[in-house]
Every structure is written in C-alpha cells, then in structure tokens.
Amino acid sequence: MQPEELSKFTKEKARELGFQLVGIAPAKAFPESEFYKEWVRQGKAGQLEYMTRDPETRADITRWYPQAQSVVVCGIRYNSQKTAGTSPNGSWGRISRYATSRDYHQWLPKRLGNLLQFLKAAAPDLEGRIFTDTSPLLERMYARYAGIGWIGKNTLLIHPKMGSYFFLGGLALNRQLVPDEPLPDHCGSCTRCLHACPTEAFPRPYQMDASRCIAYFTIELKESIPEEFRSKMQNWVFGCDICQEVCPWNKFSTASQDPALAPRTETEIPLEELAHLTPEEFEKRFEGTPVRRSKWRGFLRNVLIAIGNSKNSGWTRLLQQYLRHPDPLVSEHAAWGLRQLQKNSEPAGGGTAPPAPCGGVPPR
Ligand code: B12
C-alpha cells in the first residue's frame, strides 16, 4: 500500500475500533522535548523517578523504537460526567473522572494491538510498537504533531470539539505515512486553569510542577503528603480534575458510550463510606479501576485529609480511632485531620450534617 492509502486505511480502522481522534506525526524529536528536559533538570517531576530516567529516550521516539518512521496517535473519550453516590449525609470524597471506569491500562493496549494487527494484515512488511501512558514517550508532544489537539496552558491536550477528557495511545510504525498538521493553540488569553489550581501547580502557562499537583499527591506519592499542601487539597481522594473542569473547552464534553468505559464507581462518594472501608472492601469497591493504584493505605491517607478539610466536627471520634493505627502513615494523617478540624470546624448546626457514628467497621 502507498503511504496515502495506508494512512487513510489506518484512520478508518482506528475509528472503527472506537477512537474518536486519530492523526499521524513524523517519528522524530520536536522542539517541545527541550521543555521536558528542562522540567526534569528543575526537579518538577517530584518523586516520579520514571520521568527522570533517561530523558534522551523519552524525548525522541526513535530511541525507543529505532525503526520508527511514523507515529499514529489515537484519542479515546472517557467518562466525563459527575455522579454522586447515595448518602443521607453531605460530606463527599471526589474521584477524578478518568478513574470511574475500568483502568485503561487493562484494555487500551489490546485495542491498539488490534489496530496494529489490521495494519499488518493489510501491509505485510509493516512492523510497529504500541504505547499508552507507560512507555517512555512524550505522548502529548506526538499528539500535537499528529494534529489531534493543542497542548493547553494546563498542559493537557485539548481538542476543539472534545475538550481534554480523553486518553491517548498509539503506534510507532516502520512505515512512512502522510503526517497531519498541528492544530493552532486556542487557549488565547484565558488563564482559568492556572488560577483555579489550589496548590499552584502551574509556575507558568504550559508548565506543570508535578510535585505540587493534587493528582500526583493522591495517586503517585506513596508516602506522607507534605503538610503545606494538605489544606489545599479540598476533598479530592483520587486524582484531580480542577484544571479541566474550569476549561471552557470542556463545557460541552459528552458521556462515553464505549462499553469498555462503563462506569464502575461514582465521582463523588460519601466520606462516611470511604473512611470505613477495610483493605478487602477497598479492593472490592474499586475493583478494576485505577483507584486501586493508590492502595488502601494511600487512599485512606487521602480520605483523612479530605475529612480534615470537611470542617465537620462530627468526624472527631473516627479520627481519634485512627490515631491508634499501627501504620504511621495513617495515624499521622489522622492527627493532622484532627488538628485541622479543631481549627476550622463549623459551629454546631452549621456546615454539613455530621456523619453517622462510626460503630461499623473498626479502623485497623
Ligand atoms: C507524568 C504524568 C503525569 C504527572 C505529571 C503531569 C504533567 N503535566 O507532566 C501527574 C501525576 C501529575 C499527572 C496528572 C494527570 N494526568 Co498524567 N501523565 C503523565 C505521563 C506519564 C507523562 C507526562 C509528561 O511527559 N510530563 C512531562 C512534561 C514536561 O510534559 P508535558 O506536561 O506534556 O509538557 C509538554 C508541554 O506542556 C510543552 N511545554 C512545556 N513547557 C512549555 C512552555 C511553552 C511556552 C510551550 C508553548 C510548551 C511547553 O512541552 C512539554 C513536552 O512535550 C503521561 C503519559 C505519557 N507517557 O506521556 C500521562 C498523561 C499526560 N496523563 C493524563 C491524564 C488523563 C492525567 C490527569 C487528567 C489524571 C487526573 N485526572 O488526575 C492529570 C492531569 C494533570 C495535568 N494538568 O497534566 C493523560 C492526558 C490526556 C490529555 N488529554 O492530555 C496522559 C497523556 C495519559 C494517557 N495516555 O492518556 N500525569
């Protein structure tokens, strides 16, 4: 197949497989990779050790797959609807929207693999390698050059019709395809995302200090969350969507109809339920979703911070119970939560209704 025909075929097949966005970039390093190297040098990766390992490879796809001549980048919309769990009380923990369905690492590589198989069947000398999230690549840089969106000031890839609530993945191919043109940047003078971030994770437009991001704290950081950020984390217990929620390009985002993305959990869950989950119940409650990545102790740490920020003195007894927990990560965050509540609790009758007494599951 000639490059034109193969490019057209690739895009058709990707759409048939459920990708709403697909484009082609040349396989080479682009100027944006210098921003990434600078980001690593400045320590903006925090403890994301994998982001600092061998920056030369991450910056250039041909170091990861030397035969690469083209990069096919695909985007697939995820659930972007807010949903609430039922509870008589009003204190909620928030989960980022991408995490409400089955973990994309479990099914997206297979779908990209199917695309590769179709291409191989159509062009016998074609070889390729799939990527989604975990490969050492700057996916958004290739997505930009594949023309499927622009890199926004919040660093997310934004498409004019789909906003930013989508995953990226793709194929590096040993075949020359017809590259697409990058889309122009439509952020204009808007700075909503930069100002909305409660932990001030954007030192300047288009740059994130990952070591200040709520998603980094609640998902990636396995240890104690630095105290200076805790009171700013609001009630996020896994991930964060603030810089996407305020983005005008997400105003019209629609729900995913893809069966792989069927919701498995709500975006807002009563803290009362979350604070009482045993490790086994946690695994079951969030089975198959990315939430399990935080592990029970990390998740409980996040929940204790959200409780500390709830201004609801009804939580005092539960926090006191967790003070005696043998894991210092848990007891230390419970102590912080207590201090925070003592400082900020609403007077009786104000704020949210207190949770039911925690006689249910004893904290471990
Ligand atoms: C590490 C990582 C994180 C870290 C750091 C995020 C970050 N912004 O770097 C943390 C844990 C915080 C994180 C959070 C999230 N992540 Co994440 N994450 C990644 C990962 C693995 C690498 C990102 C990376 O390369 N960072 C390094 C920095 C330097 O790169 P960058 O931010 O893309 O910066 C580019 C531009 O901003 C530009 N640039 C930099 N400076 C400047 C300056 C100027 C003037 C200009 C013009 C450009 C420019 O050049 C840079 C290099 O291309 C990618 C998957 C992958 N392999 O690429 C997923 C990925 C970026 N994450 C994703 C998602 C969904 C999220 C969350 C929404 C999850 C959540 N709800 O909690 C949040 C969003 C936070 C945010 N605003 O980015 C998706 C994003 C999809 C999209 N539409 O963009 C990806 C692509 C995973 C995937 N395959 O779908 N993530």
Side-chain angles (χ1 to χ4, degrees), residues 20-21 25 29-42 44-52 55 57-61 64 73-80 94-100 103-105 108-109 112 130-145 148-159 162-170 182 185 187 193-194 196-197 199 201-221 236-247 249-250 253 267 290-291 293-294:
Q20 292 86 14
L21 303 176
F30 290 99
E32 282 83 352
S33 57
E34 290 308 314
F35 290 126
Y36 156 65
K37 291 182 198 164
E38 184 56 24
W39 183 82
V40 172
R41 279 195 291 272
Q42 291 174 354
K44 303 265 188 293
Q47 291 183 27
L48 298 174
E49 195 267 325
Y50 61 90
M51 289 301 299
T52 62
T57 298
R58 192 171 280 270
D60 180 354
I61 198 161
W64 176 69
V73 187
C74 304
I76 189 158
R77 176 189 285 131
Y78 58 77
N79 284 320
S80 58
R94 292 199 66 191
I95 290 185
S96 58
R97 300 166 197 223
Y98 93 92
T100 56
D103 193 337
Y104 67 105
H105 300 95
L108 197 45
L112 292 163
I130 61 167
F131 60 86
T132 180
D133 193 47
T134 50
S135 303
L137 296 175
L138 294 174
E139 291 182 346
R140 296 191 274 211
M141 180 177 80
Y142 288 103
R144 160 165 154 62
Y145 285 95
I148 68 171
W150 73 93
I151 297 176
K153 289 181 186 172
N154 60 7
T155 76
L156 284 148
L157 197 81
I158 307 175
H159 181 270
M162 272 187 29
S164 62
Y165 292 123
F166 58 88
F167 297 123
L168 290 173
D185 180 338
C187 283
C193 56
L194 309 179
C197 179
T199 51
F202 301 103
R204 60 180 175 133
Y206 308 100
Q207 191 186 65
M208 163 180 277
D209 182 347
S211 70
R212 301 180 70 98
C213 175
I214 296 175
Y216 164 81
F217 293 134
T218 55
I219 305 174
E220 303 283 341
L221 194 66
W236 290 97
V237 294
F238 188 86
C240 175
D241 287 329
I242 294 176
C243 64
Q244 304 201 81
E245 286 177 345
V246 298
C247 177
W249 295 98
N250 278 330
S253 57
T267 57
V291 180
R293 281 182 57 196
S294 61

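All ligand and atom numbering here is 1-based and tracks the order in the structure.
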Between the protein and ligand 1, are there any N or O atom pairs that come within less than 3.5 Å of each other, and if so, what are their names and distances?
unit_1   : atom_1 : unit_2 : atom_2 : d
ligand 1 : 8 (N)  : Arg140 : NH2    : 3.0
ligand 1 : 8 (N)  : Thr155 : OG1    : 3.0
ligand 1 : 32 (O) : Arg140 : NH2    : 3.1
ligand 1 : 33 (O) : Arg140 : NE     : 3.0
ligand 1 : 33 (O) : Arg140 : NH2    : 3.3
ligand 1 : 37 (O) : Tyr206 : O      : 2.8
ligand 1 : 39 (N) : Tyr206 : O      : 3.4
ligand 1 : 41 (N) : Tyr206 : O      : 3.1
ligand 1 : 57 (N) : Asp133 : O      : 3.0
ligand 1 : 57 (N) : Leu137 : O      : 3.0
ligand 1 : 58 (O) : Leu137 : O      : 3.2
ligand 1 : 58 (O) : Glu139 : N      : 3.2
ligand 1 : 71 (N) : Cys240 : O      : 3.0
ligand 1 : 71 (N) : Asp241 : OD1    : 3.1
ligand 1 : 72 (O) : Cys240 : N      : 3.2
ligand 1 : 72 (O) : Cys240 : O      : 3.4
ligand 1 : 77 (N) : Asn154 : O      : 2.9
ligand 1 : 78 (O) : Thr155 : OG1    : 3.1
ligand 1 : 83 (N) : Leu157 : O      : 3.2
ligand 1 : 83 (N) : Ser164 : O      : 3.2
ligand 1 : 83 (N) : Phe166 : O      : 3.3
ligand 1 : 84 (O) : Leu157 : N      : 2.8
ligand 1 : 89 (N) : Glu139 : OE1    : 2.7
ligand 1 : 89 (N) : Leu168 : O      : 2.9
ligand 1 : 90 (O) : Leu168 : N      : 2.9

Short side-chain to backbone donor-acceptor contact, Asp241 and Arg97, under 3.5 Å: yes
Over 12 foreign heavy atoms within 6.0 Å of CD, Gln42: yes
Test item: Asp209 side-chain N/O and Ala201 main-chain N/O as donor-acceptor pair under 3.5 Å: no
Whether Arg94 side chain and Val237 backbone form a donor-acceptor pair below 3.5 Å: no
Presence of salt bridge, Glu38 and Lys44, under 4.0 angstrom: no
Plane angle bin for Tyr104 and Tyr98 - parallel if under 30°, tilted between 30 and 60°, otherwise perpendicular: perpendicular
